[in-house]
Amino acid sequence: MSFEYIISIAWLLVLLGFVVGTLSGFFGVGGAFIMTPALNILGFPIVYAIGTDLALMLGSSTVATVSHFRFGNVDIRLGLYMVLGTALGVWLGKSLVFFLLASGIAETVIRIIYILLLFSLSIYMIYDYIIFITRPHVQKGRADAEKRGTRLSRRLQQIKLPPMVKLPTSGIRQISIWIPVGVGLLTGFLAGFLGVGGGFIRMPALIYGLGVPTSVAVGTDLFEIVFSSAFGTFVYGIEGKVHLLAAMILLLGASLGAQVGSYATRYVRGMRVRLYFALTLFFAGVSVVLKQVGVWRDIPLLSTLAGYLIVGVASIMMVIIVIKLIVGLATRPAHKKARRL
């Protein structure tokens, strides 16, 4: 990418950074499931899109983590345990990308995996929300269920593979250290392979797999992303696949957006956060489908529509988050007594 081209789209990069930064701070994800495809659509080769996005996530996730730490939403122990598996996972993912590049099928394979992951996660989380609002007994018992964890999390916590550790911030009395390390390995692999912080997998994994409360899952996910994105930026940087100028411009908007998104989590209930996250994932998946069909059928219009869709949906979600924050600040005394699911 030429210097002149980056400067010509600088305003768009700042706006894109703010949008993704807001979603990052609110959902506890790096936002790469939006940023990497968006950069690719803007003309960045897929490997440069991955490397540049990892550099952006390093900055934006650091800002958002600091905000969440002040709210008590970061389980440092859990995050550090996951980091143990992250480095190996990132290296494995990066190695697979370069193998696929040599085979000439990297972009197609990466997009298809994006599609499968985005739709699978979004459909499951939307289903979970529908069950929550349509079955009163589920809604009534949700607060207690959050404390007990999910059925899967209770089974995982019963695995007695030493060493066993305690995670009081997440409400986990005892769990094998290999469970969070395994989560770190998987999401680190995704970070290196898809150019994501692994957050759109890790955040649901923490909630449904480990039984971590939504607000703590958001903050802890961002904390882990700092490490995975730092290592990812390093391994892509030594290959010369990080566009630092573009990353710095993106960070201008992302830094402010991360603050906005982090504060907004104080005024939105956990299940509603999950719904917004699921909807964002779903439309991101639709955007990637349009892009891939456009490549297969040689229809440039579909790639253009994909770009408008992914940026448009992310922008709409950003506006909703900002409105929630404004309303929350306006009614702050009432929210102090509200119970967050």
Could you point out which residue of Thr331, Ile326, Leu329, Val327 forms a side chain to side chain contact (heavy atoms under 4.5 Å, CB included) with Tyr267? Leu329
Look at atom CZ of Phe119 and say whether more than 12 heavy atoms of other residues, nucleotides or ligands are closer to it than 6.0 Å. yes
Tell me if a side-chain donor or acceptor on Ser262 pairs with a main-chain N or O of His68 at a distance below 3.5 Å. no
Minimum heavy-atom distance Ile207-Ala217, with the two atoms named: CG1-CB, 3.7 Å
Any heavy-atom pair between the side chains of Leu54 and Val242 that's under 4.5 Å? no
Mind telling me whether Phe227 and Phe223 have parallel, tilted or perpendicular rings, with 30° and 60° as the class edges? perpendicular
Could you check if a side-chain atom of Leu39 sits within less than 4.5 angstrom of a side-chain atom of Leu250, using non-hydrogen atoms only? yes
Please check this pair: side chain of Gln157 against backbone of Leu210, looking for a donor-acceptor N/O pair closer than 3.5 Å. yes
Is a donor from one side chain sitting under 3.5 angstrom from an acceptor on the other, for Asp75 and Ser170? yes
Give me the atom names and distance for the closest heavy-atom approach of Gly261 to Ile321. CA-CG2, 4.3 Å
Could you tell me whether the side chain of Thr22 and the main chain of Met318 form a donor-acceptor pair under 3.5 Å? no
Between Tyr236 and Tyr48, is the ring centroid distance below 6.0 Å? no
Donor-acceptor pairs under 3.5 angstrom involving side-chain atoms of residues 283-300: please list them, not counting sequence neighbours.
residue, atom, partner, partner atom, Å
Ser287, OG, Ala306, O, 2.7
Gln292, OE1, Arg111, NH1, 3.0

For Leu245, give me all partners under side-chain contact (heavy atoms from CB on, under 4.5 Å), at least two apart in sequence or on another chain. Phe3, Ile6, Ile7, His243, Ile249
Same apolar cluster (I L V M F W Y, side chains within < 4.5 Å links), Phe69/Leu78: no
Distance-only donor-acceptor pairs under 3.5 Å for side chains of residues 85-104, two or more places apart:
residue, atom, partner, partner atom, Å
Thr86, OG1, Met82, O, 3.1
Thr86, OG1, Glu224, OE2, 2.1
Lys94, NZ, Glu239, OE2, 3.4
Ser95, OG, Trp91, O, 2.8
Ser103, OG, Phe99, O, 3.2

